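Notes to accompany the following structure.
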Number of protein chains: 2
Amino acid sequence: MDAGPFPFDVYEDQCPTRMVLDRLADKWALLLMLRLADGPLRFNQLRRDVKGISQKVLSQTLKKLERDGLVTRTVYPTVPVTVEYALTPLAQTLREPVEALTRWAESHMDAVQAAQQAYDAGAAAR
Amino acid sequence: MDAGPFPFDVYEDQCPTRMVLDRLADKWALLLMLRLADGPLRFNQLRRDVKGISQKVLSQTLKKLERDGLVTRTVYPTVPVTVEYALTPLAQTLREPVEALTRWAESHMDAVQAAQQAYDAGAAAR
DNA sequence: CTCCTTAGTATCCATTTGAAACCATGTTTC
DNA sequence: GAAACATGGTTTCAAATGGATACTAAGGAG
């Protein structure tokens with residue numbers, strides 16, 4: 001059995017595709033990119049919008065996204081200083097796949113929750 | 001500014017969509033589902049195929065996927081015992097979105113790596 | 001002077017992860 | 001009969017990560 005329709009074997013260590021996939025498989029990164037898809041936002045605005053994210057994790061995640069070329073960080077010398085985060089054109093190409101994933105989550109979460117309840121009920125019986 | 005085209009606000013805590021998304025945003029879960037998309041596999045076969053995963057994490061991740069109704073676990077009373085994991089019909093509907101994500105990773109990893117190198121070079125100068 | 005805003009960093013502690021050892025079962029090897 | 005190997009895991013413990021909270025700096029309002 002081969003690795004499927006992909007030119008690279010994503011199951012190998014060191015596969016660059018896998019490195020990229022590791023970054024995308026991040027709860028906060030996905031939520032932040034979805035939030036920024038509607039337009040640039042500032043640090044504290046993101047923090048208020050994406051509920052539950054801490055300042056530290058927000059800062060770290062934005063830095064990772066910036067390093068990956070998915071987000072730009074622009075500082076305006078106002079007072080207090082304004083920092084605006086925006087998606088890059090590269091991230092725009094990622095918008096459709098990510099939104100497809102959220103659409104799946106939306107339309108299938110009933111099935112997932114039902115499966116969880118059935119599983120938990122069975123586990124209790126064991 | 002509203003929450004976008006979604007009926008639920010994925011930026012709210014407690015949003016079921018967000019709970020589902022949290023599960024999907026898992027590096028190993030995504031890789032395992034991709035691997036199983038070609039057909040059922042056994043525990044140690046998965047372990048050998050998806051390089052770098054530990055037995056513990058493989059076991060834990062498969063349990064989560066089973067609980068979410070994405071993977072079935074079938075025990076055959078051979079000797080030694082054979083345990084086969086397979087995607088459910090529900091997981092089959094997830095195959096396309098996930099493969100779209102890997103296709104993106106494949107075709108854009110050059111850009112991501114270039115961005116990383118540029119970022120790191122700039123960070124060294126600072 | 002005190003409190004508020006901005007965008008973070010620093011610190012501490014809990015949870016998660018990863019590597020390796022161990023377990024139970026049964027077959028083959030020496 | 002004892003050692004080694006296969007299966008599919010669980011246990012153990014250190015290390016990395018995540019999250020809550022407090023703090024910084026620079027300036028404006030009262």
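Residue numbering restarts at 1 for every chain, and letters A, B, ... go by the order of the sequence lines. None of these values were measured; they are calculated from a predicted model.
You'll find the side chain of A:Val75 stays beyond 4.5 Å of the side chain of A:Thr82, heavy atoms only.
For the pair B:Asp26 CG and C:dT15 C1', the interatomic distance rounds to 15 Å; values are reported in whole Å. Distance A:Gln60 CD to C:dT11 C1': 13 Å, rounded to the nearest Å. Atom CD of B:Gln45 and atom P of D:dG8 are 9 Å apart (whole Å). What separates CZ of A:Arg48 from P of C:dG8 is a distance of 14 Å, to the nearest Å. In this entry the distance linking CG of B:Asp22 with P of C:dT16 reads 12 Å, nearest Å. In this structure, the CG atom of A:Leu58 is 13 Å from the P atom of D:dA20, given to the nearest Å. Rounded to whole angstrom, the span from the CG atom of B:Asn44 across to the C1' atom of D:dA6 amounts to 9 Å. Between the CG atom of A:Leu46 and the C1' atom of C:dT6 there is a distance of 14 Å, rounded to whole Å.
Each of A:Lys27 and B:Lys63 has a nearest nucleotide on DNA chain D; the 5'-most of these lies closest to B:Lys63. Place A:Glu84 and B:Pro80 on DNA chain C by their nearest nucleotides, and A:Glu84 ends up nearer the 5' end. Mapping A:Leu62 and A:Lys56 onto DNA chain C by nearest heavy atom places A:Leu62 at the nucleotide closer to the 5' end.
Listed pair B:Trp28 / C:dG18 meets the phosphate criterion, a side-chain N or O lying under 4.0 Å from OP1 or OP2. For the pair B:Ser59 and D:dT10, the criterion of a side-chain N or O lying under 4.0 Å from OP1 or OP2 is met. Neither OP1 nor OP2 of D:dG8 sits under 4.0 Å from any side-chain N or O of B:Tyr76.
Of the candidate nucleotides D:dG28, C:dG26, C:dG8, C:dG8 has the atom nearest to the side chain of A:Arg73. With D:dG18, C:dT17, C:dG8 as the choices, the nucleotide that has an atom nearest any side-chain atom of A:Tyr85 turns out to be C:dG8. Of the candidate nucleotides D:dG28, C:dG8, D:dG8, D:dG28 has the atom nearest to the side chain of A:Val79.
Remark: side-chain polar atoms of B:Arg47 are not paired, donor with acceptor, to backbone N or O of B:Leu58 under 3.5 angstrom.
One N or O donor and one acceptor, one from the side chain of B:Gln55 and one from the base of C:dA21, sit under 3.5 Å apart.
The existence of a salt bridge linking B:Glu96 and B:Arg103 is confirmed by a sub-4.0 Å separation between a basic side-chain nitrogen and an acidic carboxylate oxygen.
Residue B:Arg47 is classed as having no contact, given no heavy-atom separation below 4.0 Å to the nucleic acid.
A distance of 10.5 Å separates CZ in B:Arg23 from NZ in A:Lys27, rounded to the nearest 0.5 Å. One distance of note links NZ of B:Lys64 with CG of B:Asp26; it measures 5.5 Å at 0.5 Å rounding.
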